Amino acid sequence: MDIETVVITPTSVAKEACRAILDKIYIWEAEQFREWSVSVIGCLRRLAARMPPQVDLVWREEVIQELEKERYTLEAIIKDLPLASRYFKFVD
């Protein structure tokens with residue numbers, strides 16, 4: 001898996017001079033990130049509450065399935081985020 005750059009920001013405006021570097025950076029709008037983080041923390045708490053005393057492969061598989069279903073995997077997150085060069089309004 002490649003390392004991806006994700007910028008969490010409240011702004012949607014960038015200088016035109018930044019356009020070239022923003023072709024390889026993903027954007028996560030700050031309020032959407034806050035909402036996502038509350039949701040994922042709730043999911044992790046629910047999963048932890050169901051964790052057996054001896055973690056087993058069945059529980060691990062349940063965790064993987066739940067995270068995939070809720071789209072909390074790295075692959076799903078990156079797929080859902082826009083590239084910065086398509087997100088920002090560019091100004092001089």
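Being a predicted model, the structure only gives us computed values, none of them experimental. If you read the sequence from its start, that first residue is 1, and numbering goes on from there.
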Chemist: Looking at residues at least two apart in the chain, or sitting in another chain, which of them share a ring-ring contact (aromatic ring centres under 6.0 Å, His included) with Phe90?
Modeler: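 Here no residue qualifies.
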Chemist: Could you see if Leu74 belongs to whatever hydrophobic cluster contains Leu44? Use Ile, Leu, Val, Met, Phe, Trp, Tyr and a side-chain cutoff under 4.5 Å.
Modeler: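 Result: yes, single cluster for both.
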Chemist: Please say whether more than 12 non-hydrogen atoms of neighbouring residues, nucleotides or ligands are located less than 6.0 Å from CZ in Arg45.
Modeler: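 Count not over threshold, so no.
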Chemist: Do Tyr26 and Tyr87 have side-chain heavy atoms sitting under 4.5 Å apart?
Modeler: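 The answer is no; the side chains never approach within 4.5 Å.
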Chemist: Are the side chains of Glu61 and Leu57 in contact, using a 4.5 Å heavy-atom criterion?
Modeler: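 The answer is no; the side chains never approach within 4.5 Å.
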Chemist: Give, for atom SG of Cys18 and atom CG of Asp23, the distance between the pair rounded to the nearest 0.5 Å.
Modeler: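 Rounded to the nearest 0.5 Å, the SG-CG separation comes to 11.5 Å.
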Chemist: To the nearest 0.5 angstrom, please state how far the CD atom of Glu29 sits from the CD atom of Glu35.
Modeler: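 Those atoms lie 8.0 Å apart.
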Chemist: Tell me whether Leu81 is reachable from Phe33 by hopping between hydrophobic residues (I, L, V, M, F, W, Y) whose side-chain heavy atoms are closer than 4.5 Å.
Modeler: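 As far as the 4.5 Å side-chain criterion goes, Leu81 and Phe33 are connected within one cluster.
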Chemist: Looking at side-chain heavy atoms only, is the closest gap between Arg71 and Asp80 below 4.5 Å?
Modeler: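 Arg71 vs Asp80: side chains touch.
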Chemist: Same cluster or not: Tyr72 versus Ile64, using hydrophobic residues (I, L, V, M, F, W, Y) connected whenever any side-chain heavy atoms lie under 4.5 Å apart?
Modeler: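 Different clusters: Tyr72 never reaches Ile64 through Ile, Leu, Val, Met, Phe, Trp or Tyr contacts under 4.5 Å.
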Chemist: Taking atom OG1 of Thr5 and atom NZ of Lys24, what is their separation to the nearest 0.5 Å?
Modeler: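 If I round to the nearest 0.5 Å, the distance is 10.0 Å.
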Chemist: Can you give each donor-acceptor pair under 3.5 Å made by side-chain atoms of residues 6-15, sequence neighbours left out, with the distance rounded to 0.1 Å?
Modeler:
{"residue": "Thr9", "atom": "OG1", "partner": "Thr11", "partner atom": "N", "Å": "3.2"}
{"residue": "Thr11", "atom": "OG1", "partner": "Val13", "partner atom": "N", "Å": "3.3"}

Chemist: Rounded to the nearest 0.5 Å, how far does CD of Glu62 lie from CZ of Arg60?
Modeler: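 So the gap between those two atoms works out to 13.0 Å.
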Chemist: Pick from Ile77, Thr73, Ile78: which one makes a side-chain contact (heavy atoms from CB on, under 4.5 Å) with Glu75?
Modeler: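 For Glu75, the side-chain contact (heavy atoms from CB on, under 4.5 Å) check succeeds only for Thr73.
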